[in-house]
Structures are given as C-alpha cells and as structure tokens.
Amino acid sequence: MTARIIDGKLIAERVRAKVKTDADEFRATTGITPGLIVVIVGQNPASQAYVKSKKKACLDLGWFSEIHEFPETVTQAEIEAEISALNADPRVHGILLQLPLPKHLDEQQLLEQIAPAKDVDGFHPVNVGKLALGLPAPVPCTPLGIQRLLIEENIPTSGKFAVVIGRSHIVGKPVAQLLLQKGPGGDATVCVCHSRSKDMPAIVCQADILIAAIGQPRFVPGEWIKPGAAVIDVGINRVDDAASPKGYRLVGDVDFESASQVAGAITPVPGGVGPMTIAMLMQNTLNCARASAAASKR
Ligand code: GUN
C-alpha cells in the first residue's frame with residue numbers, strides 16, 4: 001500500500017485565501033489593518049528563516065508587519081521594555097516572540113508579559129488554561145494547523161486512538177488538548193509519549209492517528225505504524241546532504257520512505273505541517289484584531 005500524501009501547501013493556501021477575504025471585509029467595515037510584530041533574538045538560521053516567512057505572509061495579505069531583531073547579548077530588561085511597548089501599540093494586534101531564546105533570558109517570564117489578547121502563539125498561561133477548559137482563546141499555531149489538516153482531509157478523529165510523540169508546550173501538549181476536545185477534529189482517545197515512555201513501538205502501532213513532534217530526524221520507522229494510519233509529521237530537521245546546493249536537506253521525525261508504504265495518509269516534509277503553521281498564525285492575528293475591535297466598542 002502507498003499512502004496518500006497530504007498537501008499542506010495547498011490546504012494552507014486555501015486557509016490563507018479565506019483569511020484574506022475575511023480580513024479585507026473586516027478592514028472595509030472597521031478601517032483596521034491587522035498588525036503582527038515578530039521579535040527575534042540572535043542569529044539562529046532556522047529561526048531567521050521562519051520569521052521572514054511570517055512577515056512575508058502578513059505583507060502578502062496587505063497587513064502591517066515588522067521583525068524586531070535583537071542581538072544575542074540583549075538583556076531581559078530590554079526585551080521586557082520591547083514587549084511593554086508592543087502591548088501598548090494600537091497598530092499591533094499580535095506579538096510573537098520567536099523561540100528558542102538564548103539561555104540567559106527567562107523565556108517563561110517574557111511569554112507571561114505578552115498581553116493575552118495579543119498572544120498569537122497561545123503560549124500565555126491564561127490562554128493555555130483557556131485551551132484546557134475549551135474556552136475561546138488563541139491556540140498555538142502548529143497544533144491548530146494539524147487539527148485543520150485532519151478536518152480538511154476528512155480524517156475522522158472521533159473515537160479514534162491518537163498517539164502524540166513529544167510533550168512540548170509548542171506542539172505535543174496543545175495538540176493533545178485539541179484532539180481531546182469535544183467537536184470536529186476532536187473527541188479522540190489521546191495518548192502522549194515522550195522520552196521516558198516505555199515500549200513506544202507497542203503504543204505507536206495502535207495509533208489510528210500518529211502525530212510525531214520529537215525533533216529527531218526519522219525517529220519513527222515504518223514498522224511502528226499501523227497499516228492505514230494517518231501520520232502527521234511535525235519535524236523539520238536539517239540533515240547534511242553534500243548533493244544539495246545548501247549542504248543540507250530537511251527531513252521529518254518519521255522515516256517517510258518506509259512509513260509511506262504502510263500509512264493511509266502522511267504529511268511530507270517540507271510541504272506538510274510547516275505551511276499550515278503560518279496560515280494559522282494569520283488566522284490567529286486576524287482573530288486578535290477582531291477581538292480588539294470588539295473590545296474597543298464596548
Ligand atoms: N519556534 C518554533 N515554533 C515556534 C512557534 O510556533 N512560535 C514561536 N514563537 N516560536 C517557535
């Protein structure tokens with residue numbers, strides 16, 4: 001059997017087209033242009049590439065967006081001052097602090113300083129709590145993109161056994177919460193595996209839906225996968241490749257070659273989850289702009 005390849009790029013384009021229509025209408029009725037600021041510290045090449053894509057996605061929609069760059073040596077107080085200024089800036093509806101940060105900065109404290117209403121990443125404890133309670137709030141973009149892929153691809157989740165590998169705050173935990181929630185793209189029986197889990201193959205082989213978010217190249221071999229399962233590969237790992245002009249290429253957390261022989265559907269890397277993350281960031285930014293306009297009317 002050969003798996004159906006889930007075209008994340010195509011689905012992300014559809015999401016972005018809908019966001020554009022909605023944002024244009026919002027702008028026509030309110031005069032408000034959505035605005036997103038991305039704050040980045042240091043020179044991590046992957047992070048640099050991601051933030052450029054995020055800004056470009058905003059500019060493509062005709063939105064306001066800037067990248068605010070800080071050197072590796074920046075102090076906690078300087079980033080705090082930046083976040084305070086962005087919290088107070090009415091042109092800014094979304095603030096994204098690109099992670100990871102250098103070790104000397106207190107990441108959690110900075111994330112908690114972002115106004116929950118501008119927290120387009122959904123990383124603020126207030127928004128994490130709201131997600132757990134099933135209340136409306138910004139939800140982390142990659143998990144939201146994964147759920148949207150499953151919905152758009154008509155992959156049933158209700159009553160299915162979903163296994164998430166990885167317990168990060170960015171992907172593993174929030175995607176588990178989404179799959180657990182009542183409603184479309186939810187109602188799954190969810191299991192989260194991590195580095196201390198025992199006999200992972202025995203758990204993974206039962207998964208109707210497998211979400212791999214470990215950050216290790218080709219961690220999951222095809223032999224672990226249940227025939228016909230839906231496999232969502234969140235990994236974006238650079239591996240050396242002398243044949244490539246860049247000297248590296250991107251591979252996922254799943255061994256695509258063997259997994260695609262067994263799975264029913266699978267996301268490729270690149271072109272699977274990655275484009276969805278940015279599309280959902282645009283959706284979250286528009287939602288924050290909308291909520292801000294509604295709040296200022298009250
Ligand atoms: N680093 C990797 N993924 C993300 C993300 O979704 N948001 C932020 N802020 N940083 C990241």
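Just so you know, ligand 1 is whichever comes first in the structure, and atom 1 is the first atom listed for that ligand.
Close approach of ligand 1 to L97 is summarised as follows: ligand atoms under 4.0 Å from at least one heavy atom of the residue are 8 (C), 9 (N). Numbered from 1 in the order shown, with element, the atoms of ligand 1 that lie under 4.0 Å from a heavy atom of L96 read 9 (N).
Using a cut-off of 4.0 Å between Lys/Arg side-chain N and Asp/Glu carboxylate O, D208 and K226 are scored as salt-bridged. The pair R218-E257 fails the salt-bridge criterion, with no side-chain N (NZ, NE, NH1 or NH2) lying under 4.0 Å from an Asp/Glu carboxylate O.
In terms of protein heavy-atom proximity, atom 11 (C) of ligand 1 is nearest to Q98 NE2, 3.5 Å. With hydrogens left out, the protein atom closest to atom 7 (N) of ligand 1 is D121 OD1, 3.1 Å, a heavy atom.
Counting heavy atoms closer than 4.0 Å to ligand 1, residue T277 contributes nothing at all. Contact annotation: for F123 versus ligand 1, heavy atoms closer than 4.0 Å belong to the side chain alone.
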Applying salt bridge (Lys or Arg N to Asp or Glu O under 4.0 Å) to R91 and D89, what does each step give before you reach the verdict?
CA-CA 6 Å; R91 298 170 307 162; D89 188 338; 2.8 Å; yes
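H124 places no side-chain N or O within 3.5 Å of a backbone atom of D119 that could act as its donor or acceptor partner.
Among all heavy-atom pairs drawn from A212 and D253, the shortest one is O-OD2, 3.6 Å. Nearest approach of P71 to V41, heavy atoms of both residues: O-CG1, 3.6 Å.
In terms of polar-atom proximity, L99 is counted as a contact of ligand 1, with an N or O under 3.5 Å from an N or O of the ligand.
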